[in-house]
Amino acid sequence: MKSQQDRSFNRWIKGLGVSATIGLGIALSGCTQMPTLDASNTDLVEAEKESASALDAQTVYQILVGEMLVQRGQPAAAFDVLYPLAKKLKDPELAKYVFQLSMYTYQVPKIEAATQLWLSFDPKDSMPWKAAYLMSIRQQKMTQALHQWQKWQALTEGAWYQKVLDSAQRIAQATPPKVGYKFIKQLAAHYPDQWATQLALGWFAVNQGDFKTAWQVLNQAWRLAQKLPSGEEKNLAQKKTAQVLLELALKAPQYGTQVLDDVLADYISQPTEDFTLLQEVARLQVQMNRFEQAQLTFKRILKQDPDHPMALFGLGVLAFQMGDLKRAEQHFHHLKKQSQLRAVANYYLGRIAQVRKQWSKAARYFKQVDQSPFQLDAQIQLVLMQVAQTPNKKAYAAAQQKLDQLRLKESVKKDKKSLAKVWVAKAALYVEEGDQKRAINAYRKAIALSPEIEWQFALAALLYETHQYTDYEKVLKQILAQSPDNPDALNALGFYYVEQRKNLEEAGKLLQRAMQVAPNRYYIMDSVGWWYFMKGDYPRAEYWLEKALRQQMDDEVLMHLIEAKWYAGKHQEAIELWQKHHAQFPKNGKLQKLIEQLQQGQD
């Protein structure tokens with residue numbers, strides 16, 4: 001069966017100068033299959049002959065050559081033959097076909113020439129205007145591109161806001177990111193009171209990492225959306241803007257609190273069947289350590305869809321991480337009923353049994369994990385589990401040997417992330433053996449293959465424990481180069497400087513940034529308080545340390561607060577605080593003797 005594109009060329013031959021419908025189906029970022037010209041339809045071939053009799057021999061020859069080259073899969077050569085002919089004959093239908101052909105050449109000059117030719121013959125067709133504005137954006141002719149975009153949207157049916165959103169998607173696909181971003185900025189500046197242009201700019205800004213701009217314009221988009229009358233447009237505006245705001249908060253955690261507790265608070269509390277939105281809300285809540293809120297969000301999904309896989313998975317993982325093994329087990333057993341997620345469920349059921357030290361049960365589950373991405377993880381857990389049962393020198397050697405066997409598998413060697421996982425497992429065994437040097441080397445090899453931030457933190461911890469402070473600082477800086485707003489890296493480096501009593505100004509900047517990104521983490525509050533303590537600002541130190549201790553009763557924070565009160569001259573308050581809480585941490589010898597040491601220091 002021949003395509004519409006095939007028939008269109010024959011129809012053009014049949015009636016030169018007669019308008020005909022052509023189904024282009026063009027994706028301006030590239031077409032899926034090059035058109036071929038139909039020479040098998042006898043009625044159309046006869047029509048060609050009748051029409052061709054009115055043409056001179058040279059024109060007929062060019063048509064036949066062009067058809068032959070297309071059928072041979074040589075679009076560029078066919079274009080070189082047919083473009084001059086279309087220009088000569090000034091036929092809109094052939095100009096359309098030549099434009100379509102230009103798309104298969106992937107040559108910008110040909111596409112541009114064909115676009116301009118089509119526009120000159122048929123300026124009321126929206127398709128060449130779309131091609132024209134995309135070409136102008138690529139050439140960074142932004143004023144011209146805006147004019148052409150306006151022409152395109154005026155000739156295109158549909159809601160104005162939908163055309164803005166569609167063109168933003170198209171620009172993202174068809175132009176270099178920074179160049180497309182520049183045009184979208186111009187579009188948003190030209191239409192500042194339209195939610196769709198502000199949303200498009202916010203979406204581009206998020207993807208460009210320009211989070212400050214994204215936050216500003218997405219707030220504007222949300223305010224404009226709220227002013228719309230109830231109806232389809234308002235629903236779409238709120239939904240799309242909420243999605244991008246959540247995407248922003250996930251990439252830039254400093255905006256998480258404002259997104260959840262301010263901008264979207266009322267919207268996400270309303271009943272909804274938008275499970276994708278709720279999933280993103282739950283992801284953000286987990287990222288912000290709001291685990292109970294995330295559980296409630298996942299439960300909202302399950303209330304409407306008891307078998308929703310991501311909600312079951314999310315609740316299961318949360319319960320597992322929070323130590324509620326019974327509930328986690330229930331969720332993963334439910335998830336296991338869905339065949340496509342059975343391997344994932346078996347892996348976590350194995351982990352649950354592993355924590356309970358139900359070794360045989362755990363092994364059965366792990367052996368049932370027969371699909372990626374958890375198959376290698378399950379195999380690694382089987383190895384580690386054997387050591388956990390018999391932690392002796394022989395078991396460690398056997399486990400390392402089995403991990404090396406996994407490392408040498410072709411399927412593992414071909415995948416850097418998989419190979420890195422094996423090195424991480426080897427590092428974990430070396431840590432348990434007390435061989436920190438080999439553990440550090442194994443982590444370095446893993447990170448060289450796949451620089452996962454979690455593994456870099458593990459390496460940093462080992463470097464700190466072994467007093468390799470220069471390398472410790474270097475790794476933290478590498479994490480920040482990879483993830484500039486990572487609150488734990490900001491806090492770790494800032495607190496390190498405070499401990500070392502160096503770079504205190506830089507430490508303050510790092511810790512203040514960490515607080516902006518993750519304002520509810522007690523250990524960052526503790527670091528800020530200790531920074532003030534080191535500067536001799538005891539009232540502020542006391543304020544932040546009390547705030548941290550209210551959020552989490554932690555022995556390190558407790559010690560810091562006792563010292564802050566003592567040096568602030570509040571000796572009795574410090575003693576009472578120690579008397580009230582020191583018994584909760586009997587293994588912390590430093591805490592047990594803290595008041596005595598402070599009193600001795602006073603003497």
Exercise. Tell me, please, which residues at least two apart from Gln516 pass side-chain contact (heavy atoms from CB on, under 4.5 Å).
Key: Arg513
Practice problem: Determine which pairs satisfy ring-ring contact (aromatic ring centres under 6.0 Å, His included) with at least one residue from residues 226-263, sequence neighbours left out, and list them in order. | Solution: Trp215-Tyr255
Quiz prompt | Residues Tyr523 and Asp488: side-chain donor-acceptor under 3.5 angstrom | solution = yes
Quiz item: Once you round to the nearest 0.5 Å, how far does OG of Ser230 lie from CG of Asn235?
Solution: 7.5 Å
Self-check item: More than 12 heavy atoms from other groups under 6.0 Å of CZ on Arg327
Solution: no
Quiz item: Partners of Glu280 by salt bridge (charged side-chain N to carboxylate O under 4.0 Å, His left out), sequence neighbours excluded?
Solution: Arg283
Quiz prompt | Euclidean distance, Leu134 CG relative to Phe183 CZ, rounded to 0.5 Å | solution = 8.5 Å
Quiz item: Do Ser167 and Trp149 have a side chain donor and acceptor closer than 3.5 Å?
Solution: yes
Quiz item: Going by distance alone, is a donor N or O of one side chain under 3.5 Å from an acceptor N or O of the other, for Gln139 and Gln144?
Solution: no
Quiz item: salt bridge (charged side-chain N to carboxylate O under 4.0 Å, His left out) with Asp261: which residues, sequence neighbours excluded?
Solution: Arg290
Quiz prompt | Distance, nearest 0.5 Å, that separates CD of Gln478 from CD1 of Ile447 | solution = 8.0 Å
Quiz item: Checking Asn207 side chain against Trp203 main chain: does a donor-acceptor pair fall under 3.5 Å?
Solution: yes
Quiz item: Should we count NZ of Lys234 as having more than 12 external heavy atoms under 6.0 Å?
Solution: yes
Exercise. Please assess Gln194 against Trp160 for the test side chain to side chain donor-acceptor pair (under 3.5 Å), listing each intermediate value before the final yes or no.
Key: CA-CA 10 Å; Gln194 297 292 330; Trp160 191 90; over 6 Å; no
Practice problem: For Arg170 and Gln173, run side chain to side chain donor-acceptor pair (under 3.5 Å): C-alpha distance rounded to whole Å, both residues' side-chain angles, the deciding distance at 0.1 Å, then the answer. | Solution: CA-CA 5 Å; Arg170 178 62 62 191; Gln173 295 169 359; 3.3 Å; yes
Quiz prompt | Under-4.0 Å salt bridge between Lys337 and Asp307 | solution = no
Atom pairs and distances, side-chain donor-acceptor, residues 291-303, under 3.5 Å, sequence neighbours left out:
residue	atom	partner	partner atom	Å
Thr297	OG1	Gln285	OE1	2.7
Thr297	OG1	Gln285	NE2	3.4
Thr297	OG1	Gln293	O	3.0
Arg300	NH1	Ile268	O	2.6
Arg300	NH2	Ile268	O	3.2
Arg300	NH2	Gln270	O	2.9

Exercise. Identify, with sequence neighbours excluded, every residue that meets side-chain hydrogen bond (donor to acceptor under 3.5 Å, both in side chains) alongside Lys240.
Key: none
Self-check item: Tyr133 six-ring face occupied by Lys130 cation (under 6.0 Å, within 45°)
Solution: no
Exercise. Under the salt bridge (charged side-chain N to carboxylate O under 4.0 Å, His left out) rule, collect the residues that match up with Lys182, sequence neighbours excluded.
Key: none
Quiz prompt | Greater than 12 external heavy atoms within 6.0 Å of Glu232's CD | solution = no
Exercise. Rounded to the nearest 0.5 Å, what's the gap from CZ on Phe332 to CG on Leu315? Could you check?
Key: 9.5 Å
Atom pairs and distances, donor-acceptor, side-chain atoms in residues 83-90, under 3.5 Å, two or more places apart:
none

Practice problem: Examine distances only and state if a side-chain atom of Gln456 and a backbone atom of Leu476 form a donor-acceptor pair shorter than 3.5 Å. | Solution: no
Practice problem: May I ask you to decide whether Lys251 forms a salt bridge with Asp485, counting only side-chain N to carboxylate O separations under 4.0 Å? | Solution: no
Quiz prompt | Interatomic distance, Gln153 atom CD to Leu187 atom CG [nearest 0.5 angstrom] | solution = 9.5 Å
Exercise. Consider only side-chain N and O atoms of Arg223 and Gln220, and report whether a donor and an acceptor are under 3.5 Å apart.
Key: yes
Exercise. Sequence neighbours left out, what passes ring-ring contact (aromatic ring centres under 6.0 Å, His included) with Trp129? Give chain and number order.
Key: none
Practice problem: Could I get the full list of side-chain contact (heavy atoms from CB on, under 4.5 Å) partners for Ala114, not counting sequence neighbours? | Solution: Phe79, Val98, Phe99, Ser102
Exercise. Could you list the residues that satisfy salt bridge (charged side-chain N to carboxylate O under 4.0 Å, His left out) with Lys477, not counting sequence neighbours?
Key: Glu473
Quiz item: Has the side chain of Gln304 got a donor or acceptor atom that lies under 3.5 Å from a matching backbone atom of Thr272?
Solution: yes
Practice problem: Using atom types as modelled and distance alone, determine if a side-chain donor or acceptor of Thr197 lies under 3.5 Å from a backbone N or O of Tyr191. | Solution: yes
Quiz item: Taking only residues two or more places apart in sequence or in another chain, which ones pass side-chain hydrogen bond (donor to acceptor under 3.5 Å, both in side chains) with Asp262?
Solution: none
Practice problem: Find the distance between CD (Gln238) and CG (Asp266) and round it off to the nearest 0.5 Å. | Solution: 10.5 Å
